[in-house]
> 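Could you have a look at this structure, given as structure tokens, before my questions?
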Amino acid sequence: MAINKNHEFEELDAVKCAIVERNATPQRVQFLKALLELNNYTVIVVPSPPAKTAGPAKSETDNPPVSEQALQPETFTVGVTDVMFNPTNAIFGRLLRTKDGHVVTLAYWLQKEEISHDEVPYFENRS
């Protein structure tokens, strides 16, 4: 159990892991796994449990049943074996690096930018 929502951990494939992201798409998993392994973390990825849906019960005379899993996109839970890892602290503490050696920014982490622009933080800019 986590102390707060920002630092979650649980067992993934019988290994205690810090949760990096839940319900990640396969493309997001690929990005996170490559980035975290580059930064020397052991990454574990497991399929996310299907979302619980609450709705009216359908009778057998309704349309033929469609698999709920077919309607929902396949998502994954990404974790790292270092239970001290916290994605928020890693990003804002400037602890992660890209393959080019730049600091991972929030925009890069969220995949809004393809290149991490690691300018000097505002508190170090003395101009």
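For reference, positions follow the sequence shown, starting with 1. Computed from a predicted model, the values in this text were never measured in an experiment.
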> If Ile, Leu, Val, Met, Phe, Trp and Tyr residues are connected whenever their side-chain heavy atoms lie under 4.5 Å apart, and connections chain through other members, are V29 and L36 in the same group?
yes
> Do F85 and F31 share a hydrophobic cluster (ILVMFWY, side-chain heavy atoms under 4.5 Å, transitive)?
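Same hydrophobic cluster.
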> Is V43 close to L32 at the side-chain level, that is, under 4.5 Å between some pair of heavy atoms?
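A side-chain contact under 4.5 Å is absent here.
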> Do L12 and I19 make a side-chain contact, defined as non-hydrogen atoms from C-beta onward lying under 4.5 Å apart?
yes
> Are I91 and L110 grouped together when hydrophobic residues (ILVMFWY) are joined by side-chain heavy atoms under 4.5 angstrom apart?
yes
> Using a 4.5 Å cut-off on heavy atoms from C-beta on, say whether the side chain of Y108 contacts that of L35.
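Yes, their side chains come closer than 4.5 Å.
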> Just jot down the side-chain contact (heavy atoms from CB on, under 4.5 Å) partners of D100, sequence neighbours excluded, or say none.
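By the side-chain contact (heavy atoms from CB on, under 4.5 Å) rule, D100 matches T98, H102.
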> Looking at OG1 of T42 and CD of E37, how far apart are the two atoms once the value is rounded to the nearest 0.5 Å?
8.0 Å
> Could you tell me if R28 sits above the aromatic ring of W109, with its cationic atom closer than 6.0 Å to the ring centre and no more than 45 degrees from the axis?
yes
> I'd like to check the side-chain contact (heavy atoms from CB on, under 4.5 Å) partners of E11; sequence neighbours left out, ordered by chain and number.
K16
> Counting C-beta onward and ignoring hydrogens, is there a side-chain heavy-atom pair between V103 and R97 closer than 4.5 Å?
yes
> What closest approach, in Å, do T77 and S48 show between heavy atoms, and which atom pair accounts for it?
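Of all heavy-atom pairs spanning T77 and S48, the closest is OG1-OG, 3.1 Å.
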> List the residues meeting side-chain contact (heavy atoms from CB on, under 4.5 Å) with L38, not counting sequence neighbours, and say none if there are none.
K99
> Going by side chain to side chain donor-acceptor pair (under 3.5 Å), name the residues that satisfy it together with E10, two or more places apart in sequence or in a different chain.
R22
> How would you list, by chain and number, every residue that makes a side-chain contact (heavy atoms from CB on, under 4.5 Å) with F92, sequence neighbours excluded?
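Result, side-chain contact (heavy atoms from CB on, under 4.5 Å) vs F92: T88, L106.
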> Listed by chain and number, what are the ring pair (Phe, Tyr, Trp, His ring centres under 6.0 Å) partners of F76, not counting sequence neighbours?
none
> Closest heavy-atom contact between I44 and C17?
CD1-SG, 3.7 Å
